[in-house]
Amino acid sequence: MLADLSPLKLAVLATLAFLLLGPEKLPGAVRDGMALLRAVREFSGRTQEQIRSEWGPEFADFEFGDMHPRTLLHRHMQAGDPDPLGLGEIRTALDPRPDAARAAAAAREAVGGAAAARPPAHDNLPARGRPAEAPNAPPFDPDAT
């Protein structure tokens, strides 16, 4: 949270604190804030040591900061593993192409092999802009209508 504070933001915060608290109360407020920060750090350290001791010796070198999502992502990206999250196996399992290829091969085999592999020739395809006509349709006669 405090890591993204720029020097300009710190200066603005210091000026606001000076204006709000005044020169008499500012040193006491800073002292109280530092004491609170020290107490939180000590509590956090004691809690981490207690958790490590309860989990056992295999977690003696465990760092709780490693559990932060940003740290986990950074570590996996730096590892050079092309698929750090194991999504390749899921993609392979959900890919419909192998099943479709097997179904198409079975259909070709059922219909007659290689002849079904070629698409049928369409001799009566319409030219661009003209509607398709039925192969044996009578010619259009405008006087008949």
Side-chain angles (χ1 to χ4, degrees), residues 1-21 26 28-145:
M1 183 175 103
L2 295 175
D4 62 345
L5 286 177
S6 66
L8 179 63
K9 290 179 184 178
L10 285 174
V12 168
L13 286 174
T15 304
L16 283 174
F18 184 75
L19 291 174
L20 291 174
L21 298 174
L26 187 60
V30 170
R31 201 172 18 252
D32 292 343
M34 293 302 291
L36 178 66
L37 184 61
R38 269 189 237 108
V40 168
R41 283 185 180 172
E42 288 175 15
F43 175 74
S44 174
R46 283 193 311 260
T47 305
Q48 287 180 9
E49 289 304 318
Q50 182 180 1
I51 290 173
R52 282 189 189 111
S53 68
E54 289 177 2
W55 282 357
E58 59 271 4
F59 291 100
D61 60 345
F62 181 73
E63 290 296 326
F64 289 91
D66 293 342
M67 296 302 292
H68 191 277
R70 187 178 293 170
T71 307
L72 284 171
L73 183 63
H74 181 69
R75 187 176 344 126
H76 285 295
M77 296 305 255
Q78 293 293 329
D81 187 7
D83 189 17
L85 301 175
L87 297 178
E89 186 176 335
I90 295 171
R91 282 189 194 110
T92 304
L94 296 177
D95 189 9
R97 290 178 287 190
D99 294 333
R102 281 193 297 272
R108 271 190 231 107
E109 194 173 303
V111 170
R118 289 189 314 266
H122 294 288
D123 295 333
N124 62 344
L125 288 177
R128 287 186 178 203
R130 293 189 313 186
E133 295 179 3
N136 295 327
F140 178 70
D141 187 8
D143 294 330
T145 57

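Computed from a prediction, not measured in an experiment: that's the story for all the values here.
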- Do the side chain of S44 and the main chain of V40 share a donor and acceptor less than 3.5 angstrom apart?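 Between the backbone of V40 and the side chain of S44 there is no qualifying donor-acceptor contact (under 3.5 Å).
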
- Would R41 and L37 satisfy side chain to side chain contact (heavy atoms under 4.5 Å, CB included), going step by step from the backbone distance to the final call? CA-CA 6 Å; R41 283 185 180 172; L37 184 61; 4.2 Å; yes

- Query: Thinking salt bridges, do E49 and R46 make one under a 4.0 Å N-O criterion?
  - Reply: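 Answer for the salt bridge query: no.
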
- Hey, what do you get for OG1 (T47) to CZ (R52), rounding to the nearest 0.5 Å?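 If I round to the nearest 0.5 Å, the distance is 11.0 Å.
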
- Roughly how far, to the nearest 0.5 Å, is the CD1 atom of I90 from the CG atom of D95?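 Nearest 0.5 Å value for the CG-CD1 distance: 13.5 Å.
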
